[in-house]
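What follows is a short report on a single structure.
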Protein chains: 2
Amino acid sequence: MDEVRSATLERMTTPATDWLRLDQQICFSLNAASRAFGGVYRVVLKDLGLTYSQYLVLLVLWEHGELPVKKLGEHLRLDSGTLSPLLKRLEAAGLVRRERSARDERSVEVRLTEEGVALRERAVEVPRRISAATGLDLAEVQDLRARLDRLTAALDAYGTDPAPGPS
Amino acid sequence: MDEVRSATLERMTTPATDWLRLDQQICFSLNAASRAFGGVYRVVLKDLGLTYSQYLVLLVLWEHGELPVKKLGEHLRLDSGTLSPLLKRLEAAGLVRRERSARDERSVEVRLTEEGVALRERAVEVPRRISAATGLDLAEVQDLRARLDRLTAALDAYGTDPAPGPS
DNA sequence: CTCAATCCAGTTGTGCGCAACTTAATTACA
DNA sequence: TGTAATTAAGTTGCGCACAACTGGATTGAG
């Protein structure tokens, strides 16, 4: 985007102040959708006694089995500041056990309890109910996911790589 | 991942357990993108001394002028439980004033201070910097916004209107 | 007019997300 | 080998989001 000096041209390009309109902000739509999802998940997960974030942790554990906190965080884009108390709550709920790795005393392995494994049976229906609430078909979901993941990658690069190209 | 034996059936009906994979969850991509945005906004808004949510409140006030808390919440999809403490902080920062409406003593009018109005000048460049970080062009942004807004509407209807069709 | 229902802002309590920090263990290198 | 740098998990502090609730103002049905 170039700087427009001339007053005449300025009328033709959108005035900078219009970019400050709420309904122009992609991030707001994103944020709103994310929170709307939260509301639906809150209802759907109520029976299981889980929050959405706790559900995500269990998804990863159901898929990958025992994992150190670090790896869990890489899958979920969360750090120990978020995960430590969350895992403590999951442990208190009897769904998960944490134990120091023997191989590396810094690391803590997180694994499902019997109860945690068993919960998967009841969680199987969750994605279907969520999918129904979105009203999206598979192709739309995959397209949207791809776009969002690219967007996330671009945003992650900000600061790290302000000029993404051959230097 | 399982080897697919009976191609015809298995292809059409993905095993329910596969729906529990993290990378199938649209909400996770959404959530991740939203948080990635948060990181960029945190950097960009640091100079202004604002959080992203505070910035959104100011966007609405810059656009609409004085508003009661209720209306503010409707624009932002937030309730008083979130807005009250947030507005208190904005007031403490000297950007906003709150006063009981004379016409309706239940209502509280939120208006910008001189300082709050002045901050707009410095905020004008924010959308440009955010836009640069996303790497999206205008058409992509608008398409994505439209999709997300439709998704939000569908999710909002969940519970309220389980069968949205002509009756 | 009356009083019950509704509405608005605010408070409380819980959980998430993240920066900044601490502690302890491991690794690297001089 | 000894020590400095790095790494992992946890803690603290802050702000946001939301459910559930309170208290006071307004509205409306009778």
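Quick note on labels: first sequence line is chain A, next is B, and so on, each numbered from 1. Only this structure's heavy atoms are used, side chains among them; waters, hydrogens and symmetry mates stay out.
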Given [options], which nucleotide is nearest the side-chain atoms of [X]?
| X | options | answer |
| --- | --- | --- |
| A:Asn31 | C:dG17, D:dA17, C:dG10 | D:dA17 |
| B:Ser107 | C:dG15, D:dA9, C:dA9 | C:dA9 |
| B:Gln54 | D:dG15, C:dA9, D:dA19 | D:dG15 |
| B:Arg35 | D:dG15, C:dG17, D:dC18 | C:dG17 |

B:Arg77 side chain reached by B:Thr152 side chain, heavy atoms, under 4.5 Å
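Sidechains of B:Arg77 and B:Thr152: in contact.
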Identify the heavy atoms of B:Ser34 and A:Leu30 that sit nearest to each other, and give their distance.
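Looking at all heavy atoms of both residues, the shortest contact is N-CD2, 3.9 Å.
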With sequence neighbours left out, what residues match A:Arg35 under salt bridge (charged side-chain N to carboxylate O under 4.0 Å, His left out)?
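Here no residue qualifies.
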Interatomic distance, [X] [atom1] vs [N] [atom2] [rounded to whole Å]:
| X | N | atom1 | atom2 | answer |
| --- | --- | --- | --- | --- |
| B:Tyr52 | C:dG17 | OH | P | 17 Å |
| B:Arg42 | C:dG17 | CZ | P | 12 Å |
| B:Leu83 | D:dA17 | CG | P | 9 Å |
| A:Leu56 | C:dG15 | CG | P | 17 Å |
| A:Leu45 | D:dA19 | CG | P | 14 Å |
| A:Lys70 | D:dT6 | NZ | P | 14 Å |
| B:Leu67 | C:dC8 | CG | P | 14 Å |
| B:Tyr41 | C:dA19 | OH | P | 17 Å |

Using side-chain hydrogen bond (donor to acceptor under 3.5 Å, both in side chains) as the criterion, list what pairs up with A:Glu115, not counting sequence neighbours.
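A:Glu115: no side-chain hydrogen bond (donor to acceptor under 3.5 Å, both in side chains) contacts found.
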Name all residues meeting the side-chain hydrogen bond (donor to acceptor under 3.5 Å, both in side chains) criterion together with B:Arg106; count only those two or more places apart in sequence or in a different chain, and write none if there are none.
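Only B:Asp104 meet the side-chain hydrogen bond (donor to acceptor under 3.5 Å, both in side chains) criterion with B:Arg106.
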Check whether any side-chain nitrogen or oxygen of B:Lys88 sits under 4.0 Å from OP1 or OP2 of C:dA9, and answer yes or no.
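Checking C:dA9 against B:Lys88, no side-chain N or O comes under 4.0 Å of OP1 or OP2.
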OP1 or OP2 of D:dG10 under 4.0 Å from side-chain N/O of A:Arg98:
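For D:dG10, OP1/OP2 do have a side-chain N/O of A:Arg98 under 4.0 Å.
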I want to confirm an ordering. Mapping B:Val108 and B:Ala36 to their closest nucleotides on DNA chain C, which one lands closer to the 5' end?
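With B:Val108 and B:Ala36 compared, the 5'-side residue is B:Val108.
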Looking at DNA chain D, which of residues 147-155 of chain A put a heavy atom within less than 4.0 Å of it?
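Within residues 147-155 of chain A, no residue comes under 4.0 Å of DNA chain D.
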Mind checking what makes side chain to side chain contact (heavy atoms under 4.5 Å, CB included) contact with A:Arg128, not counting sequence neighbours?
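Applying side chain to side chain contact (heavy atoms under 4.5 Å, CB included) to A:Arg128 gives none.
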With sequence neighbours left out, write down each residue that passes side chain to side chain contact (heavy atoms under 4.5 Å, CB included) with B:Gln142, or none if nothing qualifies.
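With neighbours one apart ignored, the set is B:Leu138.
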Scan residues 41-53 of chain A for pairs that pass side-chain hydrogen bond (donor to acceptor under 3.5 Å, both in side chains), counting only residues two or more places apart or in two chains.
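For residues 41-53 of chain A, and leaving out neighbouring residues, the side-chain hydrogen bond (donor to acceptor under 3.5 Å, both in side chains) pairs sorted by first residue read A:Tyr41-B:Gln25.
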So A:Ser84, base contact, sugar-phosphate only, or nothing? Heavy-atom distance under 4.0 Å.
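Answer is base: heavy atoms of A:Ser84 come under 4.0 Å of a base.
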What protein N or O atoms touch nucleotides 20-29 of chain D N or O atoms at under 3.5 angstrom, if any, and at what distances?
unit_1, atom_1, unit_2, atom_2, d
D:dT26, OP1, B:Glu105, N, 3.1

Just distance, no hydrogens or angles: give the donor-acceptor pairs under 3.5 Å from side chains in residues 78-88 of chain B, sequence neighbours left out.
unit_1, atom_1, unit_2, atom_2, d
B:Asp79, OD1, B:Gly81, N, 3.2
B:Asp79, OD1, B:Thr82, N, 3.2
B:Ser84, OG, B:Ser80, O, 3.1

Relative to the 5' end of DNA chain D, which residue comes earlier, A:Pro85 or B:Thr82, by the nucleotide with the nearest heavy atom?
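Result: A:Pro85.
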For the pair A:Arg97 and A:Glu99, evaluate salt bridge (charged side-chain N to carboxylate O under 4.0 Å, His left out) and give the outcome as yes or no after the intermediate values.
CA-CA 7 Å; A:Arg97 269 188 313 136; A:Glu99 44 196 37; 3.3 Å; yes
